[in-house]
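For reference, the structure discussed in these notes is given below.
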Amino acid sequence: MTSRPVDQRTSNVIGVASVFLDNSFNAMAFAGMHRAARARGYQLLLSYGSPRSMVERGVGLHRVAGWIAMYTVDGLEELISGGAPAVIFCAPALGARCPVVRAENHDSTCRLVDHLVGLGRRRIAYIGKATSDDFIERGAAFDEALRARGLPAELNLLSSFEECSIVYSERRFGELLDRDGKFCDAVVAGNDEMAIGAIRAIQARGHRVPEDIAVVGFDDISAAQHCDPPLTTMRQGPEQLGRVAVERIVELIEGRAPERLVTRVPAELVVRRSCGSPAWEALLPAEAPCGEGDDWQRDLIERMNLVLEGPAHPSAGGRPLVWPEAEVVARGLGAALAGAAVPEVAELERAFGAAVAYSDRIEILLAVVDRVEETAARRLACAPGPDAARRVRAFLDRVRLSQQRALAASERRGVRSLERLIRANMAMTGLLASREVWTDERLGWLRHTAVRVGCLALWANDRDQDGPELVVDSVHTHTGDPGVAALVGHRCRAGFFPPPELIEAAWPDDPSGYLVMVPLMNGRRDWGALVLGGLHVESFADNLQPLAMWVSLLVAAFERHDMEAALHAERDMLAAAYERERALSSTVRELGCPVIPLLPGVLLISLIGAIDAARAQQITESVLSGVAREGARWVLLDVTGVPLVDADTAAALVQTAQATRLLGARVSLVGVGPTMAQRMVSLGIELHGISIFQSLAAAISRLTRRAG
């Protein structure tokens, strides 16, 4: 493939370097970034790794107009040394050149502490990942909040946790409970996954949540409302964080200075049963007075949107409604009051489906229906008509049914997504186990996923003078896009990868229509990159966890292939060595035992190589034949070329000597050095009737003296 230089000033690709992929928060942040980028005419390319790894590998550097660095600034200065702008996402500032977008951690943590203290909790612990800057900020705010309220801050356990996953947090918090017992009556977790892990550990040891220990989290991931009990948390709004980050990088790309260096996105307290207070209604937007004029339907639409979006960032100031489909519900209520035809259940279900897509928080969706019921009651009180109450009641039943169907449809999509994941993992297991994997379609397993486009690119073995290149090994598309299929075999310079055809094939207008590029590498080798687009159309729990799993399996398959190739090469080398040894052994056998008349009546027989049973028989026959033919009275067996004398070799020599004596001749061993002598002594070998000489010269000297 011919690489086209990309002018950074005109490129419309925003690069995202993220050291984390596989959690719900990131998936929602990426979706917010993508929507904001598309609204401004840009495309999103997500690369897994730190800014430093981007520089070291060099993949995509010339394809990107600007960078968003997530969670770390390691290597960021090198990454933007060529002039590309950058925005920092949830990480410390790096001078005045790079704006920072992050969550509002201080006040949010103080609100969590206030909420727990208001419920009577006094022994409050904090858990967070020790290497995360956001968790460190929340830990500092936790200490400050407790001291301000006259409570001890001795249970800040930030340094005790190295990971922030559910499984790790369950194990680690369980260890603390086993060691110290019920050492606290409340836990503030740095994120929801840690909070859920803590809940499991608490319950596994016979304690109750929230009666014995209350637990609150941070983020409001999808699993927060489905755990047992549902989790109280600060809803951080990852979509909004992603949107703001894109707004800042677009400003820099287009030459506009940002208004502020650090932008803090506020969070919203979501109260559920894990802290012992079910009064979540108190946190909903205050009910506005009922409009008595013609605008009551518009007022209802705005109130439903306000409930759905939440009080932290309402649809105000000219921003579009987050749920314009609420018009169907308001129009239906008006029709029921007037005695006109109301929307069918299918139309109402589609409208609620859009609401569920924005927020699947059950309590919020129930509050939306409550707003409709309250408005209906007021309208009936203001202007009751014949059969109006019956018609409105029937319509409200239809609304509740539609809402439940929309929720059930969302759950079914999640189940189908899990089924696809299982099929994909089974296919990947087959890929890992197959010996024909490198001759078949390597991305065929993607047929079992919702991924729209996939590409496997490997480093070229022959390095181009302009720099390293990637070769497209295989591609996958659900639609059979010929433009993508034609990429197989094409070469692309690392800095200009991925090709634009891949970026376009991800269906950019879809919320998940961006590319995710993950290196295929481990501590020993870098094979190339896996690129996927449209990854989580119907995501399970809105996360990217399957991607990390697939990449791990694929790397294992590559490593297995390399190991098998190395084993095959070693086997071939050993086979060649065996053939050489066999040929040498055959040559030795062909040489046999040369019988050399050394002196009158003296024969010299030089033995070379190992002596096995067949060789021993050959030696005996050669010695006896030579003695009979030459009439020899003395036989010198030179064992200098014999690598090892063991019990079997000694037995063969003794047998030869005995047979020779029957013909009236004597046998002597020549060439027995110190090492061989020690070996024979350690084995207890006794060569009866056989004289021994250290060298041939010594033997000849002895024989000549005897003859003289």
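Numbers here simply count residues along the sequence, with the first being 1.
Looking at heavy atoms from C-beta onward, Glu77 lies out of side-chain contact with Pro51 at the 4.5 angstrom threshold. Annotation: side chain of Pro468 is not in contact with side chain of Arg57 (no heavy-atom distance under 4.5 Å). Contact of the Trp459 side chain with the Val59 side chain is registered, since non-hydrogen atoms from C-beta on lie closer than 4.5 Å. Using a 4.5 Å heavy-atom threshold, the side chains of Leu598 and Leu696 count as touching. Taking 4.5 Å as the limit, some side-chain heavy atom of Leu637 sits within range of a side-chain heavy atom of Val623. At least one side-chain heavy atom of Leu46 sits under 4.5 Å from a side-chain heavy atom of Ser18. Side-chain atoms of Val471 and Asn461, non-hydrogen and from C-beta on, never get closer than 4.5 Å to each other.
No donor-acceptor pair closer than 3.5 Å links the side chain of Ser625 to the backbone N or O of Glu621. A distance-only check finds no donor-acceptor pair linking the side chain of Arg493 to the backbone of Glu469 [under 3.5 Å]. In this structure, the side chain of Asn522 engages the main chain of Arg525 through a donor-acceptor pair within 3.5 Å. Proximity of a side-chain donor or acceptor of Arg452 to a complementary backbone N or O of Ala505 within less than 3.5 Å is not detected. A donor-acceptor contact shorter than 3.5 Å links the side chain of Arg633 to the backbone of Gly664. The backbone N or O of Ser160 sits less than 3.5 Å from a side-chain atom of Arg172, completing a donor-acceptor pair.
Between Tyr514 and Phe30, the angle of the ring planes goes over 60°, which puts this pair in the perpendicular group of the 30/60° scheme. Relative ring orientation between Phe161 and Tyr168 is described as perpendicular, the plane-to-plane angle rising above 60° on a 0-90° scale split at 30° and 60°.
Taking every heavy atom of both residues into account, Asp638 and Val670 meet most closely at OD1-O, 3.2 Å. Among all heavy-atom pairs drawn from Val475 and Ala485, the shortest one is CG2-CA, 3.8 Å. Contact record, Leu603 with Pro597: CD2-CA, 3.9 Å, taken as the closest heavy-atom pair. Nearest heavy-atom pair across Leu470 and Gly528 is CD2-CA, 4.1 Å. Considering all non-hydrogen atoms of both residues, Arg205 and Ala201 come closest at NH1-O, 3.1 Å. Across all their heavy atoms, Leu456 and Leu443 have their closest contact at N-CD1, 3.7 Å.
To the nearest 0.5 Å, atom CZ of residue Phe693 and atom OG of residue Ser701 are 9.0 Å apart. Atom SG in Cys455 sits 12.0 Å away from atom NE2 in His476 (nearest 0.5 Å). With values rounded to the nearest 0.5 angstrom, Leu532 atom CG is found 11.5 Å from Met517 atom CE. Between the CH2 atom of Trp67 and the CG atom of Leu45 there is a distance of 6.5 Å, given to the nearest 0.5 Å. To the nearest 0.5 angstrom, Ser474 atom OG is 7.5 Å from Leu458 atom CG. For the atom pair CG (Asn191) and CD1 (Ile196), the distance works out to 8.5 Å, reported to the nearest 0.5 Å.
Two rings, from Phe173 and Phe183, have their centers less than 6.0 Å apart.
Within 6.0 Å of CD on Glu579 lie more than 12 heavy atoms contributed by other residues, nucleotides or ligands. Within a 6.0 Å sphere centred on CE of Met563, heavy atoms belonging to other residues, nucleotides or ligands number 12 at most. Within a 6.0 Å radius of CD in Gln203, more than 12 heavy atoms belonging to other residues, nucleotides or ligands are found.
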_Let's go through Val555 and Trp527 carefully: what are the C-alpha distance in whole Å and the side-chain angles of both, what is the deciding distance for side-chain contact (heavy atoms from CB on, under 4.5 Å) to 0.1 Å, and is it a yes or a no?_
CA-CA 8 Å; Val555 166; Trp527 288 274; 3.8 Å; yes
*Take Ser132 and Tyr71 through the side-chain contact (heavy atoms from CB on, under 4.5 Å) test and state the conclusion after the steps.*
CA-CA 8 Å; Ser132 167; Tyr71 307 117; over 6 Å; no
*Where do Glu504 and Asp481 land on the side-chain contact (heavy atoms from CB on, under 4.5 Å) test, with the steps shown first?*
CA-CA 11 Å; Glu504 292 297 333; Asp481 188 332; over 6 Å; no
*Is there a side-chain contact (heavy atoms from CB on, under 4.5 Å) between Val531 and Val453 once you walk through the steps?*
CA-CA 8 Å; Val531 182; Val453 60; over 6 Å; no
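Taking Asp473 as the reference, Arg442 meet the salt bridge (charged side-chain N to carboxylate O under 4.0 Å, His left out) condition, with sequence neighbours excluded.
Taking a cutoff of 4.0 Å between a charged side-chain nitrogen and a carboxylate oxygen, Arg171 and Glu175 qualify as a salt bridge.
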